[in-house]
Amino acid sequence: MKTYRVSPGKKVSLRDHDASDTSLVEGGKRDGEARLAKLGARLEELQDLLYAGHQHKLLIVLQGMDTAGKDGAIRKVFDSMDPLGIRVASFKVPTEVELDHDFLWRVHQQVPGKGEVVVFNRSHYEDVLVVRVRDLVPKKVWRERYDQINDFEKLLAETGTTIVKFFLHIDRDEQKERLQARLDDPAKRWKFRKGDLDDRKLWDDYQAAYEDVLSRTSTKWAPWYVVPANAKWYRNVVISQVLVDTLEGLGLKYPKAEEDLDSVRVD
Ligand code: ADP
């Protein structure tokens, strides 16, 4: 999965990343689904260890254009995890109170505690994406945020948080199909907002803003992965595999039980 990780300092051009890539799963969708089931079982074990150990914290950031599949990935990748130890934080248009504070204020409140997994469904990166593309603050303000974000994430990492960030990469044609599907399917229509079409018109600006995010904020302590996301099953396999590899790298162990439990009998 290293092929999808953005090396710190590397200049990313999204044109060089094939959103339809499925090359790491040779047998196609059927093999992918089988692999996903195995990865899900492993994720369940690893999360149990994380929760029981009550030391490490895991923060997962999901970003992507509208319809890139953030919600779908959350449903499919994390469904094997114990709800006791996982939480999803969704970041919407900031409230008045949130806007009265620095942009990381609302984010810091949602970071994981010990033993916890938190998934950010959108994140502080909106403050250098939509905010930049739609001119919501002066350039001078958003330009400084890349360093501020790197520093913030470093603080989290230095205090026990493992951070993994996924950009779900779809192409423009795929988005067209998915938006159309939302219009056509009565069960999906509620998700369609006319405003999504305005954002679609700004596709190139968003891609450029994402390229800057990926080029400037992929760090040793909080790497970005560009996940090919045209094929939903492949997107889920890549995310799951990265999470399994990351959690296995932590050397998680169950905490020591109380002593002399062998002689204890439950009557
Ligand atoms: P989603 O598209 O994630 O399923 P919504 O349809 O409620 O959920 O969209 C959330 C909206 O909030 C998005 O359009 C996103 O760009 C916007 N948003 C999130 N964070 C910010 C921010 N910091 N400033 C302005 N808009 C934001």
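Numbers here are sequence positions counted from 1. Order of appearance sets the numbers: ligands from 1, and atoms from 1 within every ligand.
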*Looking only at heavy atoms, which two atoms of Thr22 and Ala231 are closest? And how far apart?*
CG2-CB, 3.9 Å
*Which is it for Glu98 and ligand 1 at heavy atoms under 4.0 Å: side chain, backbone, both or neither?*
neither
*Do any N or O atoms from the side chain of His56 and from the backbone of Leu252 form a donor-acceptor pair under 3.5 angstrom?*
no
*Looking only at heavy atoms, which two atoms of Asp184 and Pro186 are closest? And how far apart?*
O-CD, 3.4 Å
*Might you point out which heavy atoms bring Phe78 and Ile60 nearest each other, and give the distance in Å?*
CE2-CD1, 3.6 Å
*Of all the non-hydrogen atoms in the protein, which one sits nearest to atom 10 (C) of ligand 1, and at what distance?*
Arg122 NE, 3.9 Å
*Can you list the atoms of ligand 1 that are under 4.0 Å from a heavy atom of Asp127?*
23 (N)
*Less than 3.5 Å between some nitrogen or oxygen of Asn121 and one of ligand 1, yes or no?*
no
_ligand 1 versus Val131: contacting region, heavy-atom distance under 4.0 Å_ = side chain
*ligand 1 contact by Met65, heavy-atom criterion under 4.0 angstrom*: no
_Count I, L, V, M, F, W, Y as connected when their side-chain heavy atoms are under 4.5 Å apart, and connections chain through other members. Are Leu168 and Leu214 then in the same cluster?_
no
*Numbered atoms of ligand 1 (with element) below 4.0 Å of Arg106, judged on heavy atoms*: 20 (N), 21 (C), 22 (C), 23 (N)
*Pick one of side chain, backbone, both or neither for how Lys191 approaches ligand 1, counting any non-hydrogen atom pair under 4.0 Å.*
neither
*asked:* What I want to know is whether Lys92 and ligand 1 share at least one N or O pair that is separated by under 3.5 angstrom.
replied: yes
_Looking at Tyr225, is its backbone amide N or carbonyl O close enough to the side chain of Arg5 to form a donor-acceptor pair, meaning the two atoms are under 3.5 Å apart?_
no
*Heavy atoms only: give me the nearest Phe152-Val111 pair and the separation to one decimal.*
CZ-CG1, 4.2 Å
*I would like to know whether Arg106 and Gln110 meet side chain to side chain contact (heavy atoms under 4.5 Å, CB included); could you show each step before the answer?*
CA-CA 7 Å; Arg106 67 171 181 165; Gln110 298 288 351; over 6 Å; no
*Which residue and heavy atom of the protein sit nearest atom 26 (N) of ligand 1, plus the separation*: Val130 CG1, 3.6 Å
*asked:* Is it the case that ligand 1 has an N or O less than 3.5 angstrom from some N or O of Ser123?
replied: no
*Please check if atom NZ in Lys232 has more than 12 non-hydrogen atoms from other residues, nucleotides or ligands closer than 6.0 Å.*
no
*Tell me, which protein residue and heavy-atom name are nearest atom 16 (O) of ligand 1, and how many Å apart are they?*
Glu126 OE1, 3.1 Å
*Quick one: does Arg193 get within less than 4.0 Å of ligand 1, heavy atoms only?*
yes
*Heavy-atom distances under 4.0 Å are what count here, so tell me which part of Val93 touches ligand 1: side chain, backbone, both or neither.*
both
